[in-house]
Asker: 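Right, I'll just put the structure down here and ask away after.
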Amino acid sequence: MNMNVIFESENINYIRPTMELVPEYLTMVNDIENVARFIGDRTEPYTEEQECDYIRDKMDNDATMFSMIDKASGKFIGNIEFFNRTFDCAEWGIVITADMQNKGYGKEALMRSVEYGFDILGLNRIFLAVYTDNERAIHVYQKCGFKEYDRNDIDVFMEIVKDGKTAS
């Protein structure tokens with residue numbers, strides 16, 4: 001596998017998405033109960049063709065999406081992405097495969113990618129939306145400095161800004 005590391009943290013290498021990981025991406029996003037229910041309202045699995053098209057689009061458009069690889073084992077952990085970027089602001093998302101959840105990777109990835117977003121991408125504000133019933137994720141975001149700035153029946157909207165003051 002092409003392991004051109006873009007950046008790293010203590011236990012994770014962050015690489016560009018690759019077609020070689022499509023089988024792992026599919027396993028992750030098609031796990032409706034443990035993964036997909038947190039990233040969208042979907043009950044039908046993606047086909048290999050759909051996932052290939054999705055990854056090809058991310059690669060062709062040089063998306064700020066990164067696949068996470070465990071340094072020790074070489075195992076695929078999941079993906080992070082900065083999307084909806086406008087000037088110095090971006091939305092952040094993460095998805096972790098079921099067998100790599102509850103091992104601290106989410107917090108590590110969040111902390112390191114916020115640093116990457118501010119220092120390398122030149123962002124001043126990173127925001128996210130998380131389902132109201134995903135209490136574990138909300139707790140991690142709060143521990144990492146994200147503050148809630150809005151909510152509705154479905155989502156909690158959170159942000160972190162470079163100087164530590166809320167932008168909203």
Side-chain angles (χ1 to χ4, degrees), residues 5-17 24-25 28-43 54-55 57-58 61-71 75-168:
V5 177
I6 306 301
F7 64 103
E8 63 183 297
S9 57
E10 184 179 352
N11 300 296
I12 305 169
N13 283 324
Y14 302 83
I15 65 170
R16 294 281 183 201
E24 275 125 317
Y25 297 151
M28 176 177 65
V29 298
N30 286 337
D31 182 342
I32 303 297
E33 181 58 31
N34 298 303
V35 179
R37 72 185 186 96
F38 295 114
I39 58 173
D41 188 18
R42 181 173 57 86
T43 56
Y54 177 78
I55 296 301
D57 179 64
K58 294 293 182 182
N61 290 298
D62 199 26
T64 44
M65 175 180 173
F66 304 96
S67 294
M68 299 178 289
I69 307 297
D70 178 70
K71 286 182 177 181
K75 284 184 71 175
F76 172 68
I77 298 166
N79 293 326
I80 60 165
E81 184 173 6
F82 293 95
F83 53 102
N84 295 330
R85 285 177 66 188
T86 56
F87 187 56
D88 65 347
C89 181
E91 187 168 359
W92 186 81
I94 187 169
V95 58
I96 298 177
T97 192
D99 65 341
M100 299 300 270
Q101 292 177 8
N102 300 311
K103 297 181 179 183
Y105 293 116
K107 181 179 179 187
E108 180 178 335
L110 177 61
M111 296 295 289
R112 180 61 180 101
S113 57
V114 163
E115 185 178 89
Y116 181 85
F118 288 157
D119 297 345
I120 305 301
L121 299 179
L123 300 174
N124 285 315
R125 177 179 179 251
I126 299 167
F127 63 99
L128 57 85
V130 57
Y131 288 143
T132 56
D133 67 348
N134 193 347
E135 294 174 13
R136 184 177 63 186
I138 292 168
H139 179 72
V140 170
Y141 298 143
Q142 289 171 332
K143 281 182 69 172
C144 292
F146 278 75
K147 307 278 189 238
E148 179 179 332
Y149 67 90
D150 199 8
R151 76 167 49 222
N152 59 33
D153 291 342
I154 299 166
D155 293 306
V156 175
F157 301 95
M158 304 180 81
E159 68 183 354
I160 190 167
V161 294
K162 193 169 187 174
D163 65 9
K165 298 179 188 131
T166 56
S168 297

Asker: Is the shortest heavy-atom distance from the side chain of M65 to the side chain of N79 under 4.5 Å?
Answerer: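 Side-chain contact under 4.5 Å: yes.
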Asker: Within a strict 4.5 Å, meaning less than it, do heavy atoms of the P17 and Y54 side chains meet?
Answerer: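 In short, these two side chains do not touch, never coming nearer than 4.5 Å.
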Asker: Rounded at 0.5 Å granularity, tell me how far OG1 in T64 sits from CG in L121.
Answerer: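 Answer rounded to 0.5 Å: 6.0 Å.
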Asker: For N102, which residues count as a side-chain contact (heavy atoms from CB on, under 4.5 Å) partner, sequence neighbours excluded?
Answerer: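 For N102, the residues satisfying side-chain contact (heavy atoms from CB on, under 4.5 Å) (neighbours in sequence not counted) are R136.
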Asker: Work out which heavy atom in I80 is nearest to a heavy atom in M68; give both atom names and the distance.
Answerer: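 Reported closest heavy-atom pair: CG2-SD, 3.8 Å.
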Asker: Crowded around E135 CD? As in, over 12 foreign heavy atoms under 6.0 Å?
Answerer: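 Atom CD in E135 is not crowded, with 12 or fewer foreign heavy atoms closer than 6.0 Å.
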Asker: Just wondering, more than 12 heavy atoms not from K143 lying within 6.0 Å of its NZ?
Answerer: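 It does not: K143 NZ has 12 such atoms or fewer within range.
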Asker: With heavy-atom distances below 4.5 Å as the criterion, would you say the side chains of N134 and Y141 are in contact?
Answerer: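 They are not in contact (no side-chain heavy atoms under 4.5 Å apart), so the answer is no.
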Asker: Just how far is it from atom CD1 of I126 to atom CG of L110, taken to the nearest 0.5 Å?
Answerer: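 Spacing of CD1 (I126) from CG (L110) equals 8.5 Å.
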Asker: For residues 76-88, which residue pairs pass the salt bridge (charged side-chain N to carboxylate O under 4.0 Å, His left out) check, not counting sequence neighbours?
Answerer: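 Qualifying pairs: K58-E81.
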Asker: Nearest 0.5 Å, please: how far is CG in L128 from CZ in F146?
Answerer: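 The distance works out to 5.0 Å.
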Asker: Compare every heavy atom of F118 with every heavy atom of L123, then report the nearest pair and how far apart it is.
Answerer: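 So the minimum-distance heavy-atom pair works out to O-CD2, 3.1 Å.
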Asker: Under the side chain to side chain donor-acceptor pair (under 3.5 Å) rule, collect the residues that match up with D57, sequence neighbours excluded.
Answerer: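 Once residues adjacent in sequence are excluded, the partners of D57 under the side chain to side chain donor-acceptor pair (under 3.5 Å) criterion are N61.
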Asker: Applying side chain to side chain contact (heavy atoms under 4.5 Å, CB included), run through N13 and K71 and close with a yes or a no.
Answerer: CA-CA 6 Å; N13 283 324; K71 286 182 177 181; 3.4 Å; yes
Asker: Are any side-chain N or O atoms of E108 and backbone N or O atoms of E10, one a donor and one an acceptor, separated by less than 3.5 Å?
Answerer: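 Checked: pair present.
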Asker: What pairs of residues pass the salt bridge (charged side-chain N to carboxylate O under 4.0 Å, His left out) test when at least one of them lies in residues 90-106, not counting sequence neighbours?
Answerer: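 Of all non-adjacent pairs touching residues 90-106, those that pass salt bridge (charged side-chain N to carboxylate O under 4.0 Å, His left out) are K75-D99.
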Asker: I'd like to know whether Y116 forms a ring-ring contact (aromatic ring centres under 6.0 Å, His included) with F66, so could you lay out the CA-CA distance, the side-chain angles of the two residues, the decisive distance to 0.1 Å, and finally the verdict.
Answerer: CA-CA 12 Å; Y116 181 85; F66 304 96; 5.5 Å; yes
Asker: Got a sec, which pairs hit salt bridge (charged side-chain N to carboxylate O under 4.0 Å, His left out) with one end in residues 111-123, sequence neighbours left out?
Answerer: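 Those involving residues 111-123 are R112-E115.
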Asker: Can you tell me if CE on M100 sees more than 12 non-hydrogen neighbours from other groups inside 6.0 Å?
Answerer: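 For M100, atom CE is crowded (more than 12 foreign heavy atoms under 6.0 Å).
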Asker: Return the minimal non-hydrogen interatomic distance between M158 and V130, and the atom names on each side.
Answerer: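 Here M158 and V130 meet closest at SD-CG1, 4.2 Å.
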Asker: For a quick test of reading the model, state the closest non-hydrogen atom pair linking I69 to F76 and the distance between them.
Answerer: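 Closest pair (atom of I69, atom of F76, distance): CD1-CA, 4.0 Å.
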Asker: Which heavy atom of M28 sits nearest a heavy atom of I96, and at what distance?
Answerer: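 Smallest interatomic distance, heavy atoms only, reads SD-C, 3.9 Å.
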Asker: Once ring-ring contact (aromatic ring centres under 6.0 Å, His included) is applied, do any residues pair with Y14, and if so which ones, sequence neighbours excluded?
Answerer: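 In terms of ring-ring contact (aromatic ring centres under 6.0 Å, His included), with neighbours along the sequence ignored, Y14 is linked to F7.
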Asker: What are the two closest non-hydrogen atoms of D153 and T132, and how far apart are they?
Answerer: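 Looking at all heavy atoms of both residues, the closest pair is O-OG1, 3.4 Å.
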